[in-house]
Amino acid sequence: MTDETPDYIGHRKRLKERFVKSDGRDMADYELLELILTLAIPRRDVKPIAKQLIKTFGDFAGVVNASPLQLMEINGVKDSAVTVLKIIRAAAQRLSWQNLASDDMPVLLNIDSLIDFCRCAMAYSDVEELHIIYLDAKLKVIKTELMQRGSLTGVSASPRDIVKSAMENKAVSIIMVHNHPSGNTKPSENDKIITKKVAEACEIMGLKLQEHIIISKSSYYSFREHGLI
C-alpha cells in the first residue's frame with residue numbers, strides 16, 4: 001500500500017504561490033481566508049470552512065470581526081482557528097492606530113486615516129461603544145480609550161468623567177467616537193444632547209471637543225462637518 005498525497009496539499013501550494021505573486025490582491029475573500037486557515041488547521045481541506053465562514057458573515061472583515069462564539073458555531077472551526085483570526089483583527093487595529101498616530105499632520109486633516117481607525121476599532125461591535133481620542137496642542141493623537149460599552153441602541157458616559165480622563169491624559173482637546181450597530185449613522189437627539197454637554201464641560205476646563213464621529217461598517221457621520229460642533 002502506498003501513501004497518497006491529499007489533493008488539498010497541491011491546492012495549498014498553488015494558493016501560496018498566487019499570494020506571493022500578487023500579495024493576495026487577486027484573491028477572493030474566501031481564498032485569502034482559506035490560506036490563513038491553513039496556519040491553524042494543517043491537516044484538513046479548509047476550503048469548505050472558508051466558504052462557509054464567508055457565507056455566514058458576509059465578507060473577510062465580517063469573519064475577522066465575528067465573536068469567538070459565533071466563529072465556533074461553524075463546523076471545523078476550533079480554538080486554534082479563532083486565535084489566528086483574532087490575531088489578524090488585533091493586528092489590523094494596531095496598524096490603523098499606528099498609521100493615525102504616526103502622521104505628522106493634525107488628525108482632523110487626515111480624515112481618511114481617522115475613519116479607518118474608528119471603523120476598525122468599533123464598527124463591528126454588536127453593542128454601542130464610546131471611545132475617546134486624546135489630542136495634544138498640535139492636534140496629534142496621544143492615545144485612545146474605550147470609555148463605555150452600552151447596549152444595541154445606546155451608550156452613555158458622564159461629561160465629567162470624559163473631561164477628567166482628558167486632563168489625566170494631559171490632552172488639550174478630544175474627539176468622541178461611537179458606533180451604531182444598526183448601520184444608520186444619523187445622530188439621535190440624545191447623541192446631540194451629550195455632544196453639547198461634553199463640549200460645554202470641556203470649555204469650562206479649558207479643553208475643546210474637536211469632533212464627534214458616529215461610525216458604522218459602511219458610513220460615518222461627522223458632527224463637525226454638519227456644523228454641530
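Note that the coordinates shown come from a computational prediction; the quantities given were computed from them, not determined experimentally.
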- prompt: Any idea which heavy atoms bring V84 and A40 closest together, and the distance?
  reply: CG2-CB, 3.8 Å

message: Can you confirm whether Q148 sits close enough to D161 that some side-chain heavy atom of one is under 4.5 Å from a side-chain heavy atom of the other?
response: no

task: Could you walk me through whether D26 and K21 pass the salt bridge (Lys or Arg N to Asp or Glu O under 4.0 Å) test, one step at a time?
output: CA-CA 9 Å; D26 67 341; K21 186 176 181 179; over 6 Å; no

Atom of S219, atom of G183 and distance for their closest heavy-atom approach: OG-O, 4.0 Å

message: side-chain contact (heavy atoms from CB on, under 4.5 Å) for Q52 and V77? Distances and angles first, verdict last.
response: CA-CA 10 Å; Q52 185 58 48; V77 175; over 6 Å; no

message: Test of understanding: clusters of I, L, V, M, F, W, Y form through side-chain heavy atoms closer than 4.5 Å, transitively. Do L37 and M72 belong to the same one?
response: yes

task: Kindly determine whether Q210 and R224 satisfy side-chain contact (heavy atoms from CB on, under 4.5 Å), including the steps that lead there.
output: CA-CA 8 Å; Q210 295 285 354; R224 187 183 183 91; 3.4 Å; yes

- request: Measure the shortest side-chain to side-chain distance between I215 and I115 over non-hydrogen atoms and say whether it is less than 4.5 angstrom.
  value: yes

- prompt: Considering all heavy atoms of both residues, which atom of E145 and which atom of S165 are nearest to each other, and what is their separation?
  reply: OE1-OG, 2.8 Å

- request: List the steps and the verdict of side chain to side chain donor-acceptor pair (under 3.5 Å) for S188 and D191.
  value: CA-CA 5 Å; S188 66; D191 290 335; 3.2 Å; yes

- request: Rounded to the nearest 0.5 Å, what's the gap from CD1 on I88 to CG on L32? Could you check?
  value: 7.5 Å

K196, NZ: over 12 other non-hydrogen atoms inside 6.0 angstrom: no

task: Determine the sole option in L139, L207, V107 for which the side chain to side chain contact (heavy atoms under 4.5 Å, CB included) test with S173 is passed.
output: L139

message: Could you check whether any side-chain heavy atom of K186 comes within less than 4.5 Å of a side-chain heavy atom of I214, counting everything from C-beta outward?
response: no

- line: When V177, I194, I162 are each screened for side chain to side chain contact (heavy atoms under 4.5 Å, CB included) with L130, the one that passes is I162

- prompt: Does CG in D79 sit with more than 12 non-hydrogen atoms of other residues, nucleotides or ligands closer than 6.0 Å?
  reply: no

query: Is M176 reachable from I142 through a run of I, L, V, M, F, W or Y residues, each pair having side-chain heavy atoms under 4.5 Å apart?
result: yes

task: Kindly say whether H180 contributes a backbone atom to a donor-acceptor pair with the side chain of E128 at under 3.5 angstrom?
output: no

query: Salt-bridged, R25 to D23, with N to O below 4.0 Å?
result: yes

same_hphob_cluster(L15, I41) at 4.5 Å side-chain heavy-atom cutoff: yes

task: Evaluate side-chain contact (heavy atoms from CB on, under 4.5 Å) for M147 paired with H131, printing each intermediate quantity in order.
output: CA-CA 5 Å; M147 286 294 296; H131 292 236; over 6 Å; no

- request: Could you check if a side-chain atom of I49 sits within less than 4.5 angstrom of a side-chain atom of N75, using non-hydrogen atoms only?
  value: no

V163 side chain near V198 side chain, heavy-atom distance below 4.5 Å: no

message: For a side-chain contact (heavy atoms from CB on, under 4.5 Å) check, start with the C-alpha distance between T56 and Q70, then their side-chain angles and the critical distance, and finish with the verdict.
response: CA-CA 10 Å; T56 302; Q70 290 174 318; over 6 Å; no

Backbone N/O of L95 and side chain of Q98: donor-acceptor pair under 3.5 Å: no

message: Under 4.5 Å between side-chain heavy atoms, counting indirect links through other Ile/Leu/Val/Met/Phe/Trp/Tyr residues: same cluster for V172 and I132 or not?
response: no

- line: Of all heavy-atom pairs linking E225 and Y220, the shortest is OE2-OH, 3.3 Å

message: Is any side-chain heavy atom of F57 closer than 4.5 Å to one of N65?
response: no

- request: With rounding to the nearest 0.5 Å, note down the distance linking CG in L35 to CZ in R14.
  value: 13.0 Å

query: Between K143 and Y134, is NZ or CZ placed under 6.0 angstrom from the six-membered ring centre and within 45° of the ring axis?
result: no

Neighbour count >12 (heavy atoms, 6.0 Å) for atom CE, M205: no

message: Quick one about S96 and Q93 (side-chain donor to acceptor, distance below 3.5 Å, no hydrogens or angles considered), yes or no?
response: no

- line: Taken to the nearest 0.5 Å, the spacing of W97 CH2 from D116 CG works out to 13.5 Å

message: In the structure I gave you, are the side-chain heavy atoms of N179 and T185 within less than 4.5 Å of one another anywhere?
response: no

task: Take the angle between the ring planes of H212 and F223 and call it parallel below 30°, perpendicular above 60°, tilted in between.
output: parallel

task: Check step by step if salt bridge (Lys or Arg N to Asp or Glu O under 4.0 Å) holds for E200 and K197.
output: CA-CA 5 Å; E200 291 171 348; K197 288 182 177 179; over 6 Å; no

- prompt: What's the shortest heavy-atom distance between E129 and M122, and which atoms?
  reply: OE1-CB, 3.8 Å

query: Can you tell me if D136 uses its side chain to pair, donor with acceptor, with the backbone of K138 under 3.5 Å?
result: yes

field: Among V64, D29, V63, the one residue meeting side chain to side chain contact (heavy atoms under 4.5 Å, CB included) with L53
entry: V63

query: How about H178 and I213: do any of their side-chain heavy atoms sit closer than 4.5 Å?
result: no

query: Would T38 and E34 count as having a side-chain donor-acceptor pair, cut-off 3.5 Å?
result: no

query: Between the side chains of N110 and S113, is a donor N or O closer than 3.5 angstrom to an acceptor N or O?
result: yes

query: At their closest point, which heavy atom of Y124 faces which heavy atom of R119, and how far apart are they?
result: CD1-O, 4.3 Å

